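Heads up, the thing below is written out as structure tokens.
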Amino acid sequence: MSARRTLHPLAAVGVLLAVTALVATGYSSSSSSTPAATASPSASPLSSIAAEVPAAIKSKGTLTVAADATYAPNEFIASDGHTVIGWDADLASALGQVLGLKISMVNATFDTIIPGLASGKYDLGMSSFTDTKVREKTVDFVDYYEAGTSFFVKSSGGPNITSLSDLCGHKVSVEKGTTEQADAQAQAAKCKSEGKPTVTVEIFNDQNAANLALSSGRADVAMADSPPAAYQVKLSNGVFKLSGPAYGTAPYGIAIPKNNGMAKPILDALKQLIANGTYLKILNKWGVQAGALSTPAINGATS
């Protein structure tokens with residue numbers, strides 16, 4: 001799926017101000033930070049899981065983890081204007097403790113993360129990636145969560161969108177490089193082939209801009225993964241509402257450079273965090289426990 005969005009004190013003045021203020025915090029695709037501390041997974045760097053880390057990565061001592069930090073509550077920018085926070089950041093920190101490695105969260109535009117993994121710029125991508133067969137050709141995934149896609153509209157006067165077929169004749173805002181973009185564009189072609197009004201797909205570099213398109217009237221409906229969509233609706237103080245049920249539930253995956261030896265250590269570290277309760281504690285903290293996985297997997301895409 002895709003990536004990215006805001007908590008802080010910005011919400012009180014409404015959606016437009018909230019989104020605009022997020023951008024004003026200093027969002028930059030090159031900013032980096034270390035996430036806020038989370039509950040200790042009670043693991044020693046000398047654990048058997050840490051010993052699984054390939055020597056080349058262990059010698060670096062730090063994993064550079066890329067996230068498009070415009071997707072609250074999954075990953076977004078803190079009120080200091082640069083720190084990447086959210087439950088993906090907390091989970092990355094906890095995984096690092098089990099693996100005996102430091103974590104550096106780097107804010108990056110979503111569609112640049114997988115190429116950055118392939119080039120060696122990043123070690124991991126934790127940015128609400130839906131694990132798909134297509135993406136598995138380029139990177140490996142450790143699946144760690146399940147989410148669907150949701151539609152959200154203006155509460156007053158917004159269209160009744162309950163499925164992709166309802167998008168015909170509407171303008172939809174999506175983030176570039178996401179499954180939402182792919183779904184909307186596929187539906188546009190389908191509407192046209194059926195002789196119906198097509199879908200106007202407005203594509204933006206980050207989810208903040210996609211949300212702003214909805215609040216400003218440039219789009220009739222916005223699409224995002226179910227946790228960020230629900231969060232934006234909550235943040236809007238009644239300006240937005242979810243429209244219809246989520247669809248297309250699929251696993252989120254931690255993206256890893258193909259065949260670099262890190263998939264198994266990360267899978268084992270995640271299993272330990274699930275077993276000792278740290279994983280669920282993090283999800284509960286952010287209110288996203290509904291998508292918890294009990295059995296993580298490597299490359300578990302179904303489509």
Side-chain angles (χ1 to χ4, degrees), residues 34-67 74-75 84 86-106 113-114 116-118 120 122-133 135-147 250-286 288-289 291-302:
T34 301
T38 187
S40 170
S42 302
S44 163
L46 301 178
S47 71
S48 59
I49 297 173
E52 296 174 10
V53 176
I57 295 174
K58 189 180 298 184
S59 66
K60 295 197 306 179
T62 298
L63 288 174
T64 301
V65 182
N74 301 11
E75 49 268 334
V84 179
W87 65 267
D88 263 343
D90 283 357
L91 184 59
S93 179
L95 288 168
Q97 291 181 54
V98 178
L99 295 167
L101 296 167
K102 295 180 180 179
I103 298 295
S104 175
M105 296 296 297
V106 178
I113 295 176
I114 287 181
L117 292 168
Y122 310 124
D123 297 304
L124 301 178
M126 290 187 68
S127 196
S128 309
F129 281 103
T130 299
D131 181 358
T132 67
K133 294 292 187 183
R135 287 174 174 161
E136 284 179 4
K137 294 178 181 179
T138 308
V139 295
D140 288 322
F141 285 105
V142 173
D143 298 339
Y144 65 106
Y145 190 78
E146 283 193 333
Y252 277 174
I254 299 169
I256 308 164
K258 200 75 179 171
N259 300 319
N260 78 338
M262 281 299 292
K264 186 178 186 302
I266 290 171
L267 176 65
D268 289 345
L270 181 58
K271 286 180 177 178
Q272 177 166 316
L273 295 178
I274 291 172
N276 68 21
T278 301
Y279 168 78
L280 195 56
K281 185 173 183 178
I282 291 169
L283 299 189
N284 283 330
K285 170 186 172 182
W286 293 98
V288 296
Q289 61 273 19
L293 280 183
S294 58
T295 308
I298 295 173
N299 295 334
T302 57

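The figures here come from the full heavy-atom set of this structure, side chains too, leaving out hydrogens, waters and symmetry mates. Since we're looking at a predicted model, the values are computed, not measured.
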Do side-chain atoms of Ser93 reach the backbone of Asp90 as a donor and acceptor pair under 3.5 angstrom?
no
Inter-residue atom distance Thr132.OG1 - Lys137.NZ, 0.5 Å rounding
9.5 Å
With a 4.5 Å cut-off on side-chain heavy atoms, are Tyr145 and Leu91 touching?
no
Here the pair of heavy atoms bringing Leu99 nearest to Ile266 is CD1-CG1, 4.1 Å
With sequence neighbours excluded, tell me which residues meet side-chain contact (heavy atoms from CB on, under 4.5 Å) with Thr62.
Lys102, Ser104
Can you list the residues that meet the side-chain contact (heavy atoms from CB on, under 4.5 Å) rule with Asn260, with sequence neighbours excluded?
Ile57, Ile256, Pro257, Met262
Considering all heavy atoms of both residues, which atom of Ile113 and which atom of Gly125 are nearest to each other, and what is their separation?
CG2-CA, 4.0 Å
Nearest heavy-atom neighbours spanning Ala56 and Ser59:
O-OG, 2.9 Å
Arg135 side, atom CZ; Asn299 side, atom CG - distance, nearest 0.5 Å:
13.0 Å
Taking all atoms of both residues into account, what is the closest heavy-atom pair of Tyr144 and Leu293, and its distance?
C-CD1, 3.6 Å
Given side chains that start at C-beta, do those of Lys60 and Leu101 come closer than 4.5 Å, heavy atoms only?
no
With sequence neighbours left out, write down each residue that passes side-chain contact (heavy atoms from CB on, under 4.5 Å) with Lys133, or none if nothing qualifies.
Glu136, Ala301
Would you call Lys264 and Asp268 a salt bridge, using N to O less than 4.0 angstrom?
yes
Once you round to the nearest 0.5 Å, how far does OG1 of Thr295 lie from CD1 of Ile274?
7.5 Å
By salt bridge (Lys or Arg N to Asp or Glu O under 4.0 Å), Lys258 pairs with (sequence neighbours left out) Asp140
From Leu117 CG over to Thr138 OG1, what is the distance, rounded to the nearest 0.5 angstrom?
10.0 Å
Please name all residues satisfying side-chain contact (heavy atoms from CB on, under 4.5 Å) with Ala292, sequence neighbours left out, ordered by chain then number.
Tyr279, Leu280, Leu283
Which heavy atom in Asp131 sits nearest to a heavy atom in Gly300, and how many Å separate them?
OD2-N, 3.0 Å
With side chain to side chain contact (heavy atoms under 4.5 Å, CB included) as the test, pick out the partner of Met105 among Asp88, Val65, Thr64.
Val65
Among residues at least two apart in sequence or on other chains, which ones pass salt bridge (Lys or Arg N to Asp or Glu O under 4.0 Å) with Lys271?
none
Among all residues two or more places apart in sequence or in another chain, which pass the side-chain hydrogen bond (donor to acceptor under 3.5 Å, both in side chains) test with Asn74?
Trp87, Ser128, Tyr252
Which residue, Leu95, Val139, Leu63, forms the side chain to side chain contact (heavy atoms under 4.5 Å, CB included) with Leu124?
Leu63
On a heavy-atom basis, which atom in Ala66 and which in Ser127 lie closest, and how many Å separate them?
O-CB, 4.2 Å
